[in-house]
Amino acid sequence: MAGSALRRLMAEYKQLTLNPPEGIIAGPINEENFFEWEALITGPEGTCFEGGVFPAKLTFPPDYPLSPPKMQFTCDIFHPNIYSDGRVCISILHAPGDDPMGYESSAERWSPVQSVEKILLSVISMLAEPNDESGANVDAAKMWREDRNQFNEIAEKLVRKTLGIP
Amino acid sequence: MGDEGENVPANESNDSVVNQDELILAQQRQIEKEISESIPLVGELDSVTSLCKEYSTDDVYLEKIKDLASKYSHVRRTRPDGNCFFRAFSYAILEKLLCDKDSFNTFYKLAENSKNILVELGFQQFTVEDFYETYMEVLKRLSDIDNLDDAKKELHIIFNEQGYSDYMVVYLRLLTSAQLQKEKDFYSCFIEGHRTVVDFCHQEVEPMYKESDHIHIMAACSALNTGVRVLYMDRGVGSSVTQHDLPEGCSPSVHLLYRPGHYDILYP
């Protein structure tokens with residue numbers, strides 16, 4: 001059985017390369033180690049993150065896909081569901097019953113038939129529609145609720161930063 | 001992250017709150033791990049009366065164990081990790097099938113076709129493939145052994161190897177989910193609250209370590225075309241254990257002992 005996580009990750013990489021979903025590029029940082037991936041996520045159109053290209057790191061456990069990977073943005077990002085150190089906090093990255101954030105009961109959870117693609121698509125919808133009930137970044141959640149203009153301004157600065165535009 | 005302070009408010013207080021939560025989770029995982037390491041995934045046969053040791057000061061349970069012992073001679077414990085029903089059920093069915101070549105072959109064919117059913121229901125092929133292949137590999141390995149005792153030994157070894165054992169559990173979880181989705185009109189009556197059958201499957205059936213209820217057992221039996229008898233033993237009134245056959249009126253080929261939150265295998 002050793003190697004089943006690796007086999008699955010290789011299958012997922014192949015799948016993502018053959019049928020890349022819009023706005024997502026993802027794969028191992030180094031093909032010698034399939035347990036560390038980098039993903040590039042394009043900010044969804046019509047949102048304050050539009051046009052940005054946000055890099056993130058995915059770290060897979062040895063028993064993947066029984067347990068979910070961890071995901072962390074490696075760029076500056078300000079968002080209600082992302083910790084200030086970049087760690088992503090959404091329901092699909094947690095098994096049911098294993099969530100400090102009290103997600104809605106209808107939210108998507110991790111199971112062995114989820115995939116990297118599903119995680120990244122969830123992250124894109126999270127960028128478009130923050131869930132202010134599970135505030136990983138309370139300041140961002142507060143600003144999103146109470147001062148949308150300032151939130152948008154910060155987001156635009158971060159978008160420019162990811163593109164290297166001053 | 002150099003100029004973060006300029007446009008992004010600091011939120012350290014926020015992170016320390018989260019760390020508390022993570023500490024609690026980490027502690028919970030540690031406790032779970034300790035339980036795991038102390039109990040085999042699937043244990044050796046024990047006499048039913050060995051259960052008395054767990055309840056030496058509890059008269060209600062001791063009475064019920066006496067009753068249980070009049071119907072069953074042995075019990076095989078499983079690890080209480082939330083997967084116990086699926087692990088116990090898989091093990092017990094295969095153990096039973098080893099004694100009957102024809103039934104085994106029928107079961108093999110049923111399993112062989114099961115991946116197509118999953119894919120037709122919308123499971124992505126690459127997510128189910130490894131579990132299916134492991135399941136079929138185990139069936140193949142068992143069917144290749146002629147001597148019954150050797151086959152039973154092999155079954156026991158396989159189910160105590162975490163990798164194989166967990167993949168067997170996942171695949172039965174997927175088959176159970178598929179069965180629920182195939183007959184979702186029927187099963188929707190058993191789901192509390194406003195969840196759809198599909199949501200229920202995603203949250204309560206497909207993820208590892210989620211405990212099983214009546215509805216999981218009904219669907220698993222139906223998926224594998226097998227009947228099970230569950231003996232319920234709890235602190236409720238009375239001196240006897242209650243039994244339920246699923247589906248009702250079946251002649252059960254698997255016998256399970258249920259104590260609140262946990263399933264073990266029983267042997268007449």
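- Atom CG of B/Asp144 has more than 12 heavy atoms from other residues, nucleotides or ligands within 6.0 Å.
- Expressed to the nearest 0.5 Å, how far NE2 of B/His202 lies from CD of A/Glu108 amounts to 6.0 Å.
- Applying the 6.0 Å contact sphere to CD of A/Glu36 captures more than 12 heavy atoms from other residues, nucleotides or ligands.
- Contacts between B/Phe131 and chain A at a heavy-atom distance below 4.5 Å involve the side chain alone, from C-beta outward.
- The CD atom of B/Glu206 lies 7.5 Å from the CD atom of A/Gln114; values are rounded to the nearest 0.5 Å.
- Of the inter-residue distances, the one linking A/Ser111 atom OG with B/Arg173 atom CZ reads 10.0 Å to the nearest 0.5 angstrom.
- Of all the heavy atoms in A/Ser4 and B/Asp130, the pair that sits closest is O-OD2, 3.8 Å.
- Proximity to chain B is absent for every atom of A/Glu153, based on heavy atoms less than 4.5 angstrom apart.
- Scanning residues 119-127 of chain B against chain A with a 4.5 Å non-hydrogen threshold yields B/Phe123, B/Gln124, B/Phe126, B/Thr127, sorted by number.
- The number of heavy atoms from other shown groups lying within 6.0 Å of CD (B/Glu192) does not exceed 12.
- Shown here is A/Glu45, whose CD atom has no more than 12 heavy atoms of other residues, nucleotides or ligands within 6.0 Å.
- When all heavy atoms are compared, the tightest approach of A/Tyr64 to B/Tyr167 is O-OH, 4.2 Å.
- For A/Lys118, the part lying near chain B is the side chain, with the backbone staying farther off; criterion is any non-hydrogen pair under 4.5 Å.
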